[in-house]
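These notes concern the structure reproduced below.
The sequence lines fix the lettering, A, B, ..., with proteins before strands; numbering per chain opens at 1. What you see is a predicted model, and the numbers here were worked out from it, not measured in a lab.
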Number of protein chains: 2
Amino acid sequence: MPSKRKGNKRDAILDAMLDVVVERGFHEAPMSLIAERSGASTGVIYHHFASKEEIIQAVYERTRLLKTEEFLKGYSPEMDARDAFLHVWANCYEFYRKHPREMRFMEQYALAGFPCVSDPKAAENQFFRRFQSRAKGGVLKDWPQEILQEMTLGLVARLAQSPRKWKPATLREVAEQTWESVKAD
Amino acid sequence: MPSKRKGNKRDAILDAMLDVVVERGFHEAPMSLIAERSGASTGVIYHHFASKEEIIQAVYERTRLLKTEEFLKGYSPEMDARDAFLHVWANCYEFYRKHPREMRFMEQYALAGFPCVSDPKAAENQFFRRFQSRAKGGVLKDWPQEILQEMTLGLVARLAQSPRKWKPATLREVAEQTWESVKAD
DNA sequence: AAAAACAGAACGAACGTTCGGTTTGTCCTG
DNA sequence: CAGGACAAACCGAACGTTCGTTCTGTTTTT
């Protein structure tokens, strides 16, 4: 049971919801279990949150913010295009590797039909504005952004999700080959 | 309410479960709604299936079989490597386009922690045996199969999932570029 | 006439939520 | 610095609802 600062159990409740949803799915995530895992009583849970759904939304929002921050860490628009691409690729892989539970939660959240009030791909979009297609003065192939995104960061997400750990050399090769695939000729 | 042959409601129940799960998630998929949507009473549902979970497993298995069949339609191991690749790529895209609900169900099923008794990627694996990496006498880059799979059929799955409909010319270009990315130099 | 398919009311269990009361923290006043 | 007052944090039993499942009986098929 992860205890947090100041005797406040709000974060512990969010952590518990994240864990339980990832382990067992939104079905089979009863409040009684959230209470047990977080070390909070059902009473205090409803002191912090109005409903179960509000907890889930809060986990979503907290994770979305964390992702946006870590994605763009150490990136600046002045970087050379290829370097910037490989840098964010690595950031992205690192994030998903370090936060596999958060990643699974986000995917399940979107798939299960919860309302995504704020764009879950905000981080990706922000980055891709740097690399607009050549027709718009960018350096990438003249394909729709969504396709380019799936070929690059979408691929990273799924590679990081795998239980296998890839050799750094292989990952580097994949990243470089990907860059070759999407950059304008 | 899709009615089926022979007055048998088994299929209608599976269809209803598929629809409801995709629309609302495994949570919020009560039997009462399955009964209403399928036009079957709760009594007859439990005549055909032992439990709610068994219905879900049956939907999973039915979809998995359908997918395996359609993936490899018109494919034979004697085809030229590049042609075979592009052919199955197109099959794959078509399948996901024609069966978006089935696709979402399968993803949610795997994510929500249901036991995958039979390999959900059986179709992909069967196809990829044709294209083993060069180190094993194949024609693809010497990367792990899982990576190659994500770069190719995994990408198709994502593209087909998008609400946007891509131009056939663009798709063809993406397919060809993908082949260039994964084939051995 | 026997079996399979079907209907829908009913049941117990489990769920999300509420409620009354207790502890802990904070800050004001003398 | 003591003490009292107010609020926020907290607990867990209890409530009403809804869920998955069962049961008894009816209709349809073979």
Side-chain angles (χ1 to χ4, degrees), chain A residues 1-62 105 108-109 112-115 117, chain B residues 1-62 105 108-109 112-115 117:
Chain A
M1 49 206 74
S3 71
K4 306 279 154 170
R5 53 165 194 104
K6 276 269 212 125
N8 191 310
K9 304 205 162 170
R10 216 191 109 99
D11 287 341
I13 294 165
L14 294 181
D15 290 339
M17 180 61 85
L18 178 69
D19 284 351
V20 171
V21 166
V22 167
E23 281 172 29
R24 321 180 17 146
F26 284 110
H27 72 302
E28 307 217 352
M31 292 297 259
S32 56
L33 188 57
I34 306 301
E36 190 184 312
R37 293 268 194 117
S38 65
S41 67
T42 59
V44 77
I45 292 182
Y46 281 88
H47 172 72
H48 288 293
F49 302 96
S51 66
K52 182 180 174 180
E53 179 145 340
E54 196 175 291
I55 303 177
I56 293 170
Q57 307 263 22
V59 174
Y60 169 77
E61 199 54 30
R62 186 181 71 165
F105 179 91
Q108 219 173 132
Y109 180 93
F114 285 97
V117 293
Chain B
M1 49 211 77
S3 71
K4 306 278 153 168
R5 55 171 191 95
K6 276 269 212 121
N8 192 310
K9 303 207 164 170
R10 216 190 109 100
D11 287 340
I13 294 165
L14 295 181
D15 291 338
M17 180 62 85
L18 178 70
D19 285 349
V20 171
V21 166
V22 167
E23 281 172 30
R24 322 182 14 149
F26 284 111
H27 72 300
E28 308 217 349
M31 292 296 260
S32 55
L33 188 58
I34 306 301
E36 189 185 311
R37 294 267 195 117
S38 65
S41 66
T42 58
V44 77
I45 292 181
Y46 281 88
H47 171 72
H48 288 294
F49 302 95
S51 67
K52 182 181 174 181
E53 180 146 340
E54 195 175 292
I55 304 177
I56 294 170
Q57 306 263 23
V59 175
Y60 169 77
E61 199 54 31
R62 187 181 70 165
F105 179 92
Q108 218 172 136
Y109 179 92
F114 285 96
V117 293

From B:Ile13, B:Leu14, B:Val21, residue fulfilling side-chain contact (heavy atoms from CB on, under 4.5 Å) relative to B:Val59: B:Leu14

Selection from D:dT21, C:dC6, C:dC15 that lies nearest to any side-chain heavy atom of B:Met31: D:dT21

Non-neighbouring partners of B:Glu54 that pass salt bridge (Lys or Arg N to Asp or Glu O under 4.0 Å), sequence neighbours left out: none

Matching residue for B:Asp15 among B:Arg62, B:Lys9, B:Arg37 - test: salt bridge (charged side-chain N to carboxylate O under 4.0 Å, His left out): B:Arg62

Whether B:Phe26 and B:Phe114 hold their rings parallel, tilted or perpendicular, with breakpoints at 30° and 60°: tilted

d(CD, A:Glu36; C1', C:dC15) in whole Å: 15 Å

Interatomic distance, B:Ile55 CD1 vs D:dG20 P [rounded to whole Å]: 9 Å

Distance test, side-chain N/O of A:Lys9 to OP1/OP2 of D:dC11, below 4.0 Å: yes

Whole-Å distance separating the CD1 atom of A:Ile34 from the C1' atom of D:dG12: 17 Å

Sugar-phosphate, base or nothing in reach of A:Ala40, heavy atoms under 4.0 Å: sugar-phosphate

Least distance between heavy atoms, A:Ala58 atom then A:Phe49 atom: CB-CE2, 4.0 Å

Between C1' of C:dA3 and CG of B:Asn8, the distance in whole Å: 15 Å

Whole-Å gap separating C1' (D:dT21) and CD (B:Glu53): 14 Å

Touch class at under 4.0 angstrom, heavy-atom based, for B:Ala29 against every strand present: sugar-phosphate

Between C:dA13 (P) and B:Lys52 (NZ): distance, integer Å: 19 Å

Neighbours of DNA chain D within residues 41-48 of chain A, by heavy-atom distance under 4.0 Å: A:Ser41, A:Thr42, A:Gly43, A:Val44, A:His47, A:His48

Pairwise side-chain contact, B:Met17 with B:Ser38, heavy-atom cut-off 4.5 Å (strictly under): no

side-chain contact (heavy atoms from CB on, under 4.5 Å) assessment of B:Arg24 paired with B:Leu33: CA-CA 11 Å; B:Arg24 322 182 14 149; B:Leu33 188 58; 3.6 Å; yes

Atom-to-atom span, CD1 of A:Ile13 to C1' of D:dC11 - whole angstrom: 12 Å

